Amino acid sequence: MCFNIIFEVIIGLLLLVLSIAIIITIKRIFVFNENAKKRNQVLAFKVSLAKKENAQLQQKTVLVNAINTTLYPRFFSIIEQILSLQKNIFDESL
Amino acid sequence: MKKLLCALVLIFSNYSHSQSTQKIIDSLKTLLNSQKELPLVNTLTELAWEYENRNIDSALFYSKQSLNISKKIKSDEAFAASYNSLASCFDALGKLDSAIYYHQKSLDLKLKLNNKIGAANSYNNLGIVYDLSGDFDVSLQNYFKALNIFESENVPFDKVPMVLGNIGIVYKKEKEFGKALEYYNRALEIYQANNYNFGEVVTKGNIGAILIHLKQFEKAIKYCSEAQEAYAKLGYNRYVPYMLSNIAIAKDSLKRYNEAEKDLERVISLFQKEQNYYELVHNKLSFAHNLHKQQKLTQAFLNANDALQIAKNKGFKEWEVKAYKVLAHIEKSKQNYKAYATYFEMYAQKKDSLFEEKKTKTVFELETKYKTAKKEKEILAQRAQIAEKELNINRKNMQLLGLGVLAIVLSVFGYLVYKQQKLKNKQLQKENQLKEALSKIETQNKLQDQRLRISRDLHDNIGAQLTFIISSIENLQYGFKISNTNLTNKLTGISSFTKDTINELRDTIWAMNKNEISLTDLQIRISNFIDKAHVSSQGIHFNFLVAEELKNNTVFTSVQGMNIYRIIQEAINNAIKYANASSVNVEISEKNNKLLFEVFDNGTGFNLEEVEAGNGLNNMKKRATDVGASITIQSNKNSGTKIAVTL
């Protein structure tokens, strides 16, 4: 009899404790999901910003590459023309 | 006689639907196949009721069947009906203790269900059983409870007089004839008020019997005569001789011997006809007694002797004793003392024997009662043990159920913890992926930014050197008067080439300094270019038009902006250099949700098939393709040129 009562009380207490634990766990999962969603959104936003910046930098790189292909040859061509002119001037003065 | 009258009343009290029993039984049996649950229980109890006076085993069978179904459907109403039916069967079997037990159980359930009329019926039934068991006080208590309920509830009219009649029977047994008469009269009034002939005639018969006890013989004759006539009229001929017998007793008591003699002769012939030997012997003895009083000794002796023989044959020991007594008295009147002595001796002997037998029977009955009580006690103890075991089993089941629920709850908890951990891992993985991607992109961005900064420094440096070169050449040209034409041309060529280079560099730096190029930016840039072109080409009229709705929303990437600007620049330069045009138009508009950049002039034009596409046209096409735009060039000789870029 005594054993039965103790046994039933233990079962009852365990059920109570587990029920509370389940409620707390469900609440935690819910809160965790909410926070995770927010964190993911922030990170995704950062990534999208970085991608946008990357795209802009790539555009600029394209421009730089484009100008470099014409600028350096032209610069050296100008130097060459000046040197040629200098040589002509010296030749004529002699 | 008295016993039979009591039985008659009892039969009457349960008689309301017994006209054609077999037909009823058949129809009830047909119903059994189509019914379930409570209606089935009710039909089974009805069947048991119908069988009770015909075949008690069948009645008991149907009652037990109804109890089994009640156990299955677990309905208190069904249990109450089944217990009531079982109790009636035990009542009919003479097992009064069992009858009381089941009636009480039925009553408890009816009270629990607040079924007042049902409870009143149970009280009435309990009253009948206690009456039969000789416990008159308890019987009356139950009858009065039933009467109170029937009188306060709306019930069929025959319920109240039925209970009143039963109360009358108990008072009669207690020899309270005055009270018995009072209740019979109340019952009679109700029957008469409702014109219920059968009830009226039975009650009148009972009143007649009571009046004999009260020595109101004239009245008794009146009531019994009315009852006798009514029985005959209603077709219940078997009850007629009982009434006649009572009438004869009353008349005999009033010393109306001749009338009594005639009535008794008729009674004897009727009982003989019905082969009701018990009553036949009784009335023959009454007849002998009557004849004895009239000194018709021979006839009296013959009848008494006849009664004795029948009593001996049929084993009616009470009547046998009485017959010896009557015969002894007759012989005494005949002054035949020897015969008187013999009959009297036989009378005494038989009386003693009957007394012994009665005593033995009583002892046996008591013993049986004791054994029954003992057995019932044992049954009760066993029931208590079974109940305790059931309780233990229920408790164990509850504990097992509790453990089961605990296991389920534990599993749910475990699953939730596992799910939480899994979610954490998944989230961590996702976060890491995003962070990794972010850091990768940011590293790339830093690297590209660094490269661009270096390029920008280099371009600044080159730009400064080119500016210095232009300045030096212009100083040379304007500071020294150079007469050498060749030298002047060369200096002009270098200066012009350098200016073009620096302009191109400036355009690129303009585009690089912006993350996005809006249409307004592009418009200003093109406008500046057109202004400069207008300054250098005074004879050409320039028009620049931008559709109003485009200005605010449209933005381009730096490459797009740069390439579009370059295409327009190239197209204008071509118009100035080769077309000999007097008017150059630049238009930006929207067509089919696409941007349309058009440059057209009214110059000489050219044949697209004849003119080999030079660097300029090819560059334009390449730039358009690079930014995902389509380019169309329309030109014919002397009809101008139109270059359209769709983005």
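Reckoned from all heavy atoms, side chains included, excluding hydrogens, waters and symmetry mates. Per chain, numbering begins at 1; letters A, B, ... match sequence-line order. On a predicted model such as this, the values are computed, not experimentally measured, just so you know.
- In this structure, B/Y565 and B/F529 have perpendicular ring planes: the angle between them is above 60°, well past the 30° mark.
- Contact annotation for B/L410: both backbone and side-chain heavy atoms come within less than 4.5 Å of a heavy atom of chain A.
- B/Q523 is not listed as a side-chain neighbour of B/I588, based on a closest heavy-atom distance of 4.5 Å or more.
- Each of A/I82, A/N68, A/I78 has some count of heavy-atom pairs under 4.5 Å with chain B, and the biggest count is that of A/I78.
- The greatest number of non-hydrogen atom pairs below 4.5 Å with chain A, out of B/V412, B/L438, B/N445, is found for B/N445.
- Residue A/E8 touches chain B through its side chain alone, counting heavy-atom pairs closer than 4.5 Å.
- Contact of the B/Q569 side chain with the B/N573 side chain is registered, since non-hydrogen atoms from C-beta on lie closer than 4.5 Å.
- Here B/E504 is the residue among B/E504, B/R451, B/K440 with the most heavy-atom pairs under 4.5 Å with chain A.
- For B/D500, the parts lying under 4.5 angstrom from a heavy atom of chain A are both the backbone and the side chain.
- In this structure, chain B has heavy atoms under 4.5 Å from both the backbone and the side chain of A/R74.
- Contacts between B/I441 and chain A at a heavy-atom distance below 4.5 Å involve backbone atoms as well as side-chain atoms.
- Classification of B/R525 and B/D521 as a salt-bridged pair fails, no side-chain N sitting under 4.0 Å from a carboxylate O.
- Judged as a side chain to side chain donor-acceptor pair (under 3.5 Å), and not counting sequence neighbours, the contacts of B/Q477 are B/T492.
- Contact tally against chain B (heavy-atom pairs below 4.5 Å) for A/V62, A/N33, A/L63: the top residue is A/L63.
- Counting heavy-atom pairs closer than 4.5 Å to chain B, the top-ranked of the candidates A/N54, A/T25, A/L43 is A/N54.
- Residue A/S48: no heavy atom, backbone or side chain, is found under 4.5 Å from chain B.
- Across B/T557, B/D449, B/N515, a single residue satisfies side chain to side chain donor-acceptor pair (under 3.5 Å) together with A/K60, and that is B/N515.
- Contact count versus chain A (heavy atoms, under 4.5 Å) is highest, among B/K419, B/K396, B/M398, B/K424, for B/K424.
- Residue B/Q560 touches chain A through its backbone alone, counting heavy-atom pairs closer than 4.5 Å.
- Top candidate by heavy-atom pairs under 4.5 Å with chain B, chosen from A/Q58, A/R28, A/K51, is A/Q58.
- Listed by first and then second residue, the salt bridge (Lys or Arg N to Asp or Glu O under 4.0 Å) pairs that reach into residues 454-474 of chain B are B/E474-B/K499, sequence neighbours excluded.
- Contacts of A/L49 with chain B are absent, with no heavy-atom separation under 4.5 Å from either backbone or side chain.
- A salt bridge does not link A/K46 to B/E442: none of the charged nitrogens lies less than 4.0 Å from a carboxylate oxygen.
- With 3.5 Å as the limit, one finds a donor-acceptor pair spanning the side chains of B/Q427 and A/N40.
- Contact record, B/L406 with A/I11: CD1-O, 4.1 Å, taken as the closest heavy-atom pair.
- For B/L423, the parts lying near chain A are the backbone and the side chain together; criterion is any non-hydrogen pair under 4.5 Å.
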